[in-house]
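Chain identifiers are assigned alphabetically (A, B, ...) following the order of the sequence lines, protein sequences preceding nucleic acid strands; residue numbering begins at 1 within each chain.
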2 protein chains.
Amino acid sequence: MTSKTKSLERNRRALNVTGLRITSQRALILEIIRRGHLDADEIYRQAREKQPRLSLSTVYRTLQVLKKLGLVEELHFDDTHHHYEVKPSSDHHHLVCLGCGQVIEFHYPLSRYVKRNVPEAKEFKVIETEVRMTGYCSKCR
Amino acid sequence: MTSKTKSLERNRRALNVTGLRITSQRALILEIIRRGHLDADEIYRQAREKQPRLSLSTVYRTLQVLKKLGLVEELHFDDTHHHYEVKPSSDHHHLVCLGCGQVIEFHYPLSRYVKRNVPEAKEFKVIETEVRMTGYCSKCR
DNA sequence: CTCAGTGCAAAAGCTTTGCATAATA
DNA sequence: TATTATGCAAAGCTTTTGCACTGAG
């Protein structure tokens, strides 16, 4: 089984559990999101290379569905676009370089740490944590 | 000196250092932002109670200027609006309740903690840290 | 065959911009 | 008085929605 078939299979399963219909558009979009942090328009452009008739509305609608299902997470790197990525299982955060624009991911159980140390957070039931640190990477600083 | 005069004086000084012109609109907008986390439209509505002729463009332009000067920080609580607050001196983060919408602030030197513990962050020069945890507050959980 | 999903085009936000007018320094 | 800032209206972007058609189950 090729890696590509495997990935398609994984997407098919992910969609299937939910009772949603498995359309070629959804499988393709999910496939593309796995490539990294992308915004709607980038997903649209990449998807149209495979399916030229795909519409931007479908991209947005699919992203909403996947977000609602918890398969995909919406991020806020900059002011104008949203970015999307497949939802990670653990705390999962980002360093955004103001110089070259690269996004460095890191995993760390920050919500646990915050809950332990911050009085305000003690009685808060945390659902989601997003940490975004901007600055300069080792090359750009 | 009343507290109100003092606050006006503070805004005047804040604007003055920068070489910008002190207009009644800018002073008013800065005054309003000090009240808490507000989005452009809320600022606009509150500002118009005092200056009915103020335009929304002026609000946006002023916010951009203040942001560029580092007097005000732009936040990303939800998908559709930006929120603004006067820039705090130390690490300063937010718990957003999905139930009642309240925003709980907390201070904690998280960037320092991350830099110490996360390998990816070690050689990163951090300029700004934004932590946003969503979930449910003690009343809503 | 049926209903969920799609494409297209149009609308709906929020935010920015051009230009003449008003106000600051 | 010389610019800078404002107000208004119009444009620009991203995102959402209505509707008829298509395709998955």
Q: Find the distance B:Arg45:CZ to C:dC14:P and express it as a whole number of Å.
A: 10 Å
Q. What is the distance, rounded to the nearest whole Å, between atom CG of A:Asp41 and atom P of D:dT16?
A. 14 Å
Q) B:Leu56 CG to D:dG7 P: how many Å, rounded? A) 11 Å
Q) Roughly how many Å is it from CG in B:Leu28 to C1' in C:dT24, rounded to a whole number? A) 17 Å
Q | Base C:dT6 paired with A:Arg61 side chain (donor-acceptor, <3.5 Å) | A | no
Q. To the nearest 0.5 Å, what is the distance between NE2 (B:His83) and CD1 (B:Ile43)?
A. 9.5 Å
**Q.** Residue A:Gln25, side-chain heavy atoms: nucleotide from C:dG7, C:dA25, D:dG7 that is nearest
**A.** C:dG7
Q: Identify the heavy atoms of A:Leu54 and A:Arg48 that sit nearest to each other, and give their distance.
A: O-NH1, 3.0 Å
Q. For the side chain of B:Thr58, counting heavy atoms from C-beta on, which of C:dT17, D:dT6, C:dT6 is nearest?
A. D:dT6
Q: Measure from the side-chain heavy atoms of B:Arg21 and tell me the nearest of C:dA23, C:dG7, C:dT15.
A: C:dA23
(Q) Check the phosphate of C:dT15 against B:His82, side-chain N and O only, distance under 4.0 Å to OP1 or OP2. Yes or no? (A) yes
Q.
In this structure, how many angstroms lie between the C1' atom of C:dT15 and the OH atom of B:Tyr84, rounded?
A. 8 Å
Q: Round to a whole Å and report the spacing from CD of A:Gln51 to C1' of D:dG23.
A: 13 Å
Q | Closest-nucleotide ordering on DNA chain C, the 5'-leading residue of B:Ser57 and A:Ser24 | A | A:Ser24
Q: Return the nearest nucleotide to the side chain of A:Gln64; candidates are D:dT15, D:dT16, D:dG7.
A: D:dT16
Q: Measure from CG on A:Asp39 to C1' on D:dT14 and round the result to the nearest Å.
A: 10 Å
**Q.** Whole-Å distance separating the CG atom of A:Leu63 from the P atom of D:dT17
**A.** 14 Å
Q | Distance (rounded to the nearest 0.5 Å) between B:Thr58 OG1 and B:Gln51 CD | A | 9.5 Å
Q. Knowing that exactly one of B:Lys67, B:Glu74, B:Glu73 qualifies, which makes a side-chain hydrogen bond (donor to acceptor under 3.5 Å, both in side chains) with B:Tyr84?
A. B:Glu74
**Q.** Nucleotide nearest A:Leu54 when distance is taken to its side chain, options C:dG7, D:dA5, D:dG7
**A.** C:dG7
**Q.** Over all atoms of both residues, closest heavy-atom pair of A:Arg26 and A:Thr62
**A.** CG-CG2, 3.9 Å
Q) Looking at the side chain of B:Arg26, which of C:dT16, D:dT6, C:dT6 is the nearest nucleotide? A) D:dT6
